[in-house]
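Count residues from 1 along the sequence. Both backbone and side-chain heavy atoms feed into the values below; hydrogens, waters and symmetry mates do not. Both counts, for ligands and for their atoms, begin at 1 and track the order of listing.
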Amino acid sequence: MKKASVILDRDFTIAPVDPRIYGSFIEHLGRAVYGGIYEPGHPLADEEGFRKDVLAMVRRLGVPLVRYPGGNFVSGFNWEDSVGPRDSRPRRLDLAWFTTETNEVGLHEFYDWTKKAGSQLMYAINLGTRGPEQARDIVEYANHRGGSKFSDQRIANGKKEPLNIRLWCLGNEMDGPWQMGHKTAFEYGRIANEAAKMMRWVDPSIELVACGSSNAQMPTFGSWEYEMLSECYEQVDYVSLHQYYDNAANETESFLARSMDLDAFIRTVASICDAVKGKKRSKKQINLSFDEWNVWYHSREQDEQIKKADRWGRALPLLEDVYNFEDALLAGSVLITFLNNADRVKIACMAQLVNVIAPIMTRAMGGCWAQTIFYPFLHASQYGRGTALRALVSSPVYDCAVCERVPILDAAAVVSDGGATVFCINRDMTEDCALEIDLRSFGPLRLEEHILLHHDDVKAVNTEADPYRVAPCGGDLGEMDGGKLRVRIPALSWNVLRLRPCER
Ligand code: AHR
């Protein structure tokens, strides 16, 4: 058995955890909206056509915000198509996914859904085919009290009170050649600045996210952030980061090491924000919105076939990755990395929420079930709120194809209500780990619960027929000895150690 240790001290704080890191994302893509959250005629649909079984699972995840309506989709989207009487809303060709958008669910319906889900709406505007004028108009429509063209339209469409959307994305992945209205960093920085300025003039209370690179492998990564922020630094609050992972090479050790470059990605973008801050002699700090992250590769071949067979179809089953156990471990290590960067990562969205690269799956007229990745997200969202602590990890390491000296133990800790929760992964493929956690400054604590997610087969998946094949169970409760917890962490496992103060 391998040995690792963690030192936690109440004074080694990183930052308060912003609960918005447990955000998610729903795009008008595939069966996310139609056949996912919305399926009128389903036995469990409510009076507005929203599936109550899906809503219950979303509420269980405790998702504080949902990014919407795209994604690539938003770069060709006209927000006006999605409001007003349903029977006069146009059907449009969506050039992002080569499908047809009916606009049956639009801004009002989705806003109502977020209320039912206990979430806030994070609304993305189109800076691909459109510009500052339409950006100004949608803020007026959503947030102005009334007495102007667009706010009065909202009232006429049934919403007397403003929607008060606080968080807005200034476009999506504008550095990507696949994007409708793709731009250079300078072009994007300029248009983002002007859109942001006008949006804030309508509603000064909003927060704005500028598009960073689509991923850290983009040839323009780094220079994109620097150049576009040089144009819009004072007008925006966050820069977006996106990253998807794959294990197409089928090398689990390398796959599980990817949080190492995720950490570097985050620190690099934070440094570039600070470099622009320095250049501008600004007092303002830009933080990070990691508003698309997940594993995405299982469905790629299937998607090619679907697109060939039914170009311009409606609600096609696109991006329906079926996640296995190792994907859940990777999702867990992403969440650990966000907690360890809580000083800069203030918003994050697992992409996406239902059916499309999602923790929740549905069958048309059938059931819904949790994919493997549902569980680390659930646990982090439930127990990862409070103040993130710097966990001093001492661990054996391994070398793999993508990285050297990868610690077998990946860990993060959050303190709340006098107790602490430690999230940790044993990346070792074969050996359990004897973990010692030194809780020197906490006073008497006891391990109230050890939640364990493990499966002997890294490729094990959950399906509608076998929905709990990969599901959490109770782990070793170990022993407390003079302020030190000793506990066994199985090979390849996700662990949540919930330490509570001892009752006097
Ligand atoms: O989430 C799927 C797609 O991935 C989004 O539409 C896009 O922003 C990203 O490339």
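- Side-chain rings of Tyr188 and His182 stay apart, their centers remaining 6.0 Å or farther from each other.
- With respect to the salt-bridge test (charged N to carboxylate O, under 4.0 angstrom), the residues Asp46 and Lys116 qualify.
- For ligand 1, the atoms sitting less than 4.0 Å from at least one non-hydrogen atom of Gly71 are 5 (C), 6 (O), 8 (O), numbered in the order shown with element in parentheses.
- A cation-pi contact, defined as under 6.0 Å to the ring centre and within 45° of the axis, is absent between Arg51 and Tyr38.
- A salt bridge links Asp112 with Lys159: the distance from a Lys NZ or Arg NE/NH1/NH2 to an Asp or Glu carboxylate oxygen falls below 4.0 Å.
- Closest to atom 6 (O) of ligand 1, if we only count protein heavy atoms, is Glu27 OE1, 2.6 Å.
- The existence of a salt bridge linking Arg136 and Glu194 is excluded, since no basic side-chain nitrogen approaches an acidic carboxylate oxygen closer than 4.0 Å.
- Only the side chain of Ile357 comes within 4.0 Å of ligand 1, counting heavy atoms alone; its backbone N, CA, C and O stay farther away.
- No salt bridge links Arg258 with Asp263; every basic N to acidic carboxylate O contact stays at or beyond 4.0 Å.
- Scanning all protein heavy atoms for the shortest distance to atom 1 (O) of ligand 1 gives Tyr244 OH, 2.8 Å.
- Contacts of Trp97 with ligand 1, taken as heavy-atom pairs under 4.0 Å, involve the side chain alone.
- If you number the atoms of ligand 1 from 1 as listed, the ones under 4.0 Å from a heavy atom of Asn172 come out as 7 (C), 8 (O).
- In this structure, the protein non-hydrogen atom closest to atom 10 (O) of ligand 1 is Glu173 OE1, 2.7 Å.
- Under the 4.0 Å criterion applied to side-chain N and carboxylate O atoms, Asp274 and Arg344 are assigned as salt-bridge partners.
- When only non-hydrogen protein atoms are considered, atom 7 (C) of ligand 1 lies nearest to Asn72 OD1, 3.2 Å.
- Of all atoms in ligand 1, numbered sequentially from 1 with element shown, those under 4.0 Å from a heavy atom of Phe25 are 1 (O).
- When hydrogens are left out, the protein atom nearest atom 9 (C) of ligand 1 is Glu292 OE1, 3.0 Å; that is the closest non-hydrogen contact.
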